[in-house]
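Worksheet: one structure, shown below.
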Amino acid sequence: MRLATWNVNSVKARLPRLLAWLADTRPDVVCLQETKCPDGAFPVDEVGELGYSVASHSDGRWNGVAILSRVGLDDVAVGFADEPGFPEPEARAISATCAGVRVWSIYVPNGRIPDSPHYEYKLAWLAVLRDALAAELRTGRPLVVCGDYNVAPTDADVWDPALFVGSTHVTPAERQALADLRALGLADVVPTPMKGPHPFTYWDYRAGMFHQNKGMRIDLVYATASFAGDVRSAYVDREARKGKGPSDHAPIVVDAGADGDHPPLPEGLDPVRR
DNA sequence: ATGACAAAGCTTCTTTGA
């Protein structure tokens with residue numbers, strides 16, 4: 001299976017690039033975040049022409065998550081039990097079973113600043129997500145939780161840790177929330193960067209951050225050993241952040257299990273050595 | 001070159017993002 005996750009920052013604004021990327025990369029399953037797409041407006045016909053079925057969850061102007069699959073899309077679930085809201089639950093989680101793998105696409109609340117109700121909301125959301133994933137794990141099925149976690153797991157995952165002191169995305173409480181997810185039995189499938197030592201997935205649009213490679217690793221793939229153990233390669237598709245009209249996030253592409261009908265990996269991205 | 005924010009809508013500003 002070729003699995004990808006991408007915060008597209010509006011599926012409507014990104015549609016030409018998304019379609020071209022799908023045609024080039026041909027993932028089996030794609031988790032999208034920040035679709036920013038009102039109910040009923042998801043371009044299901046356009047991605048359908050490329051062979052993808054769609055499960056999407058939206059709440060209008062902000063947020064929005066989706067799963068595209070060309071290997072089955074069963075038992076779709078929107079949100080999760082007791083999901084916290086602000087104050088109402090937002091469109092931040094969707095899950096489905098694709099070729100025997102339970103796949104989640106999540107968009108963790110930003111948190112804004114630590115001294116903020118948005119930050120408390122973020123921590124509460126992650127804590128209840130943990131309970132929901134614990135329930136999923138009891139099925140014994142392979143599980144992959146992909147998305148924009150809005151947390152940089154370590155200081156190496158931001159371009160300048162000193163600049164982030166006192167900011168969200170790096171606080172001990174946020175990092176502990178990720179550690180609590182991993183403690184369920186989920187492994188961090190760390191992708192290979194295309195450039196530089198850090199597998200950043202996000203670069204601010206402003207001030208030439210991308211060209212200076214001043215990024216963050218906040219998009220993550222957490223997977224059970226039953227999936228992670230079969231991973232042959234994982235990389236950040238930095239090419240998708242280039243050029244005119246990109247998202248501010250790059251996709252992560254993971255190949256796991258049996259080889260499928262996919263284009264070869266970009267040059268220099270050898271399969272994971274294990 | 002990869003180039004100096006972007007997207008949405010209650011659109012000519014405000015909110016949000018991280």
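These numbers were taken from a predicted model, which means no experiment stands behind them. Throughout, protein chains are lettered first and strands after them, A, B, ... in sequence-line order, and every chain is numbered starting at 1.
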Which comes earlier along DNA chain B counting from the 5' end, the contact point of Val108(A) or that of Gly243(A), where each point is its nearest nucleotide? Gly243(A)
Taking for His118(A) and for Pro38(A) the nucleotide of DNA chain B with the nearest heavy atom, the one nearer the 5' end belongs to Pro38(A)
Between [atom2] of [N] and [atom1] of [X], the distance in whole Å:
| X | N | atom1 | atom2 | result |
| --- | --- | --- | --- | --- |
| Asp248(A) | dT16(B) | CG | C1' | 11 Å |
| Asn9(A) | dT16(B) | CG | C1' | 10 Å |
| Asn150(A) | dG17(B) | CG | C1' | 8 Å |
| Gln33(A) | dA18(B) | CD | P | 11 Å |
| Tyr149(A) | dG17(B) | OH | P | 19 Å |
| Lys122(A) | dT16(B) | NZ | P | 16 Å |
| Arg14(A) | dA8(B) | CZ | C1' | 12 Å |
| Asp219(A) | dA18(B) | CG | C1' | 11 Å |

How is [X] classified with respect to the nucleic acid when contacts are heavy atoms under 4.0 Å: base, sugar-phosphate, or nothing?
| X | result |
| --- | --- |
| Phe164(A) | nothing |
| Asp148(A) | sugar-phosphate |
| Met216(A) | sugar-phosphate |
| Asp204(A) | nothing |
| Arg241(A) | nothing |
| His169(A) | sugar-phosphate |

Salt bridge [X]-[Y], side-chain N to carboxylate O under 4.0 Å:
| X | Y | value |
| --- | --- | --- |
| Arg217(A) | Asp188(A) | yes |
| Asp148(A) | Arg92(A) | no |
| Asp180(A) | Arg130(A) | no |

Are any of [X]'s side-chain N or O atoms less than 4.0 Å away from OP1 or OP2 of [N]?
| X | N | value |
| --- | --- | --- |
| Ser10(A) | dA8(B) | yes |
| Arg61(A) | dT15(B) | no |
| Arg112(A) | dG17(B) | yes |

Hphob cluster co-occupancy, Tyr202(A) + Phe200(A), side-chain heavy atoms under 4.5 angstrom: yes
Quote, to the nearest angstrom, the [atom1] distance that separates [N] from [M].
| N | M | atom1 | answer |
| --- | --- | --- | --- |
| dT12(B) | dA7(B) | C1' | 16 Å |
| dC5(B) | dC10(B) | C1' | 23 Å |
| dA8(B) | dA18(B) | P | 15 Å |
| dA1(B) | dA6(B) | C1' | 22 Å |
| dG9(B) | dA4(B) | C1' | 27 Å |

Would you kindly check whether a donor in the side chain of Lys195(A) faces an acceptor in the base of dT2(B), or vice versa, at under 3.5 angstrom? yes
With under 30° as parallel and over 60° as perpendicular, where do the rings of Trp203(A) and Phe210(A) fit, or are they tilted in between? perpendicular
Determine the interplanar angle of the Phe80(A) and Trp125(A) rings, folded into 0 to 90°, and report it as parallel if under 30°, tilted if 30 to 60°, perpendicular if over 60°. perpendicular
State which of [options] makes the closest approach to the side chain of [X].
| X | options | value |
| --- | --- | --- |
| Tyr107(A) | dA8(B), dG9(B), dA18(B) | dA18(B) |
| Glu34(A) | dA7(B), dT2(B), dA18(B) | dA18(B) |
| Ala207(A) | dG17(B), dC5(B), dA8(B) | dC5(B) |
| Asn7(A) | dC5(B), dA7(B), dA18(B) | dA18(B) |

Could you tell me whether the side chains of His57(A) and Asn63(A) share a donor-acceptor contact shorter than 3.5 Å? no
